[in-house]
Amino acid sequence: MHLPLNSLRAFEVSARFLSFTRAASELNVTQAAISQQVKNLEERMGVQLFRRLPRGLALTDEGIALLPVLAESFGRIGAVLQQFGDGRRLREVLTVGAVGTFAVGWLIPRLRDFQQAHPFVDFRLFTNNNRVDIAGEGLDYAIRFGDGAWHATEAEALLAAPLSPMCSPAVASFLRDPADLAGQVLLRSYRTDEWAAWFTAAALPCPLLRGTVFDSSLTMAEAAAQGAGVALLPTRMFARELQHGRLTRPFDIEIAGGSYWLTRLKSKQVTPAMQAFRAWLLDATN
């Protein structure tokens with residue numbers, strides 16, 4: 001049975017409103033055109049879909065059976081058409097998980113550049129504190145901090161992230177040389193050896209550490225900016241805070257803390273959106 005699409009659409013809208021007049025308004029045609037399209041559909045199908053009442057319409061059993069099928073079908077068609085965002089190419093979802101420090105300190109300020117260059121990508125960003133399950137969270141990519149060694153994962157280096165002490169300007173006013181840090185609250189991350197490594201680089205003994213432990217560099221940086229202590233932070237990720245004077249870097253000594261990596265499961269099939277993001281990201285970080 002070959003049924004005209006316009007007639008099916010006219011019936012579906014009329015059935016939702018139980019009104020030819022309201023259907024005509026939604027479809028921007030006349031009420032007479034809607035009535036005729038529905039009548040033609042009924043004649044082709046050989047069944048009555050509406051009962052015409054003095055004050056409106058009522059669905060017949062056949063109309064009740066047909067309506068949900070058409071509503072779902074037109075809904076799915078509409079959802080697919082919406083993905084053609086630029087009128088030429090199908091929009092493609094790209095789901096990226098990123099450690100919060102990288103997302104806020106590097107990616108978000110540049111995200112508009114990527115979106116303008118690749119309008120077909122429907123970008124989804126999820127942040128984490130460097131603990132991520134790519135498969136379980138359905139991610140195409142994960143941007144992580146570490147040494148690049150993750151099981152069953154392909155990793156490409158993006159940026160080195162050396163760590164340096166940072167604090168508020170008020171706290172920095174008490175610091176004349178690195179040894180003065182021993183008298184300050186030293187904020188800590190879950191990587192317990194960072195301060196010991198920094199004091200070794202400064203040729204000083206590491207003091208007893210009593211500062212709060214944070215699972216995120218972002219929250220630790222905020223605590224430092226508010227005067228809660230001194231934090232070891234990746235300088236490149238907090239350039240705006242340094243520029244605006246919320247944080248200051250009292251000493252130039254830094255240690256290699258690791259790098260940020262673009263990672264994906266080796267079993268993941270690479271899509272055009274993934275290729276576009278990888279190429280842009282590697283170019284922007286090198």
Side-chain angles (χ1 to χ4, degrees), residues 1-98 103 107-108 111-127 133-141 264 268-278 280:
M1 186 183 298
H2 299 287
L3 300 176
L5 185 62
N6 284 343
S7 294
L8 291 170
R9 185 59 167 161
F11 163 75
E12 188 268 334
V13 179
S14 299
R16 276 196 283 115
F17 292 126
L18 290 177
S19 167
F20 289 153
T21 301
R22 294 183 65 185
S25 177
E26 176 163 315
L27 297 178
N28 198 29
V29 296
T30 66
Q31 187 268 352
I34 292 290
S35 178
Q36 187 60 48
Q37 287 174 344
V38 172
K39 181 179 179 182
N40 291 341
L41 180 63
E42 290 175 321
E43 290 176 352
R44 282 175 174 264
M45 293 180 66
V47 297
Q48 190 175 0
L49 298 173
F50 289 111
R51 293 196 303 274
R52 278 72 170 174
L53 306 176
R55 294 187 177 181
L57 302 171
L59 286 167
T60 64
D61 289 343
E62 291 79 6
I64 292 172
L66 181 59
L67 176 59
V69 177
L70 288 181
E72 179 185 0
S73 299
F74 283 120
R76 293 175 66 182
I77 292 170
V80 172
L81 291 177
Q82 285 181 352
Q83 295 180 56
F84 290 84
D86 59 3
R88 299 182 301 277
R89 186 171 182 180
L90 180 69
R91 287 179 62 79
E92 183 181 330
V93 173
L94 176 69
T95 306
V96 175
L107 181 58
I108 291 175
L111 194 55
R112 181 177 174 85
D113 294 338
F114 172 74
Q115 292 172 323
Q116 288 181 334
H118 305 284
F120 79 95
V121 177
D122 185 358
F123 192 83
R124 313 286 173 86
L125 177 63
F126 297 88
T127 57
D133 177 0
I134 297 181
E137 298 176 31
L139 302 177
D140 296 308
Y141 281 121
R264 69 171 177 87
K268 175 71 177 179
Q269 182 177 359
V270 177
T271 65
M274 291 175 67
Q275 291 175 335
F277 182 68
R278 173 187 174 275
W280 172 83

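Everything numeric here is computed off the predicted structure, so don't read it as measured data. For the numbers below, each heavy atom of this structure counts, side chains included, while hydrogens, waters and symmetry mates do not.
- Between Phe114 and Phe123, the angle of the ring planes goes over 60°, which puts this pair in the perpendicular group of the 30/60° scheme.
- When all heavy atoms of Leu53 and Ala58 are compared, the pair lying nearest together is CD1-CB, 3.8 Å.
- Looking at every heavy atom in both residues, Leu41 comes nearest to Ser7 through CD2-O, 3.8 Å.
- Taken from CG in Leu59 to CG in Leu66, the straight-line distance is 9.5 Å, to the nearest 0.5 Å.
- At most 12 heavy atoms of other shown residues, nucleotides or ligands fall within 6.0 angstrom of atom CD in Gln269.
- With a 4.5 Å cut-off on side-chain heavy atoms, Phe74 and Leu8 count as touching.
- Distance check: Arg278 CZ to Thr271 OG1 gives 12.5 Å after rounding to the nearest 0.5 Å.
- Gln48 and Phe50 make their closest contact through NE2-O, 2.7 Å (heavy atoms, listed as atom of the first residue, atom of the second, distance).
- Here the CZ-CD1 distance, from Arg264 to Ile134, works out to 10.0 Å after rounding to the nearest 0.5 Å.
- Expressed to the nearest 0.5 Å, how far OG of Ser14 lies from CD of Gln37 amounts to 8.5 Å.
- Atom NZ of Lys39 has 12 or fewer heavy atoms from other residues, nucleotides or ligands within 6.0 Å.
- Looking at heavy atoms from C-beta onward, Arg52 lies in side-chain contact with Leu57 at the 4.5 angstrom threshold.
- Summarising the geometry, atom CZ belonging to Arg9 is positioned 10.0 Å from atom CG belonging to Asn6; distances are rounded to the nearest 0.5 Å.
- Between Phe120 and His118, the angle of the ring planes goes over 60°, which puts this pair in the perpendicular group of the 30/60° scheme.
- In this structure, the separation between CE on Met45 and CG on Asn40 is 13.0 Å, given to the nearest 0.5 Å.
- One N or O on the side chain of Glu137 and one on the backbone of Asp133 form a donor-acceptor pair closer than 3.5 Å.
- Put simply, the side chain of Asp140 never gets that close to the backbone of Val96: no donor and acceptor are under 3.5 Å apart.
- In plain terms, the two heavy atoms of Ala273 and Leu94 that are nearest each other are O-CD2, 3.9 Å.
- When all heavy atoms of Ala103 and Leu125 are compared, the closest pair comes out as CB-CD2, 4.4 Å.
- Comment: Glu12 engages Arg16 in a salt bridge, judged by a side-chain N to carboxylate O separation of less than 4.0 angstrom.
- The local environment of CZ in Arg112 is sparse, with at most 12 non-hydrogen atoms from other residues, nucleotides or ligands closer than 6.0 Å.
- Nearest heavy-atom pair, Leu49 versus Glu42, reported as atom, atom and distance to 0.1 Å: N-OE2, 2.7 Å.
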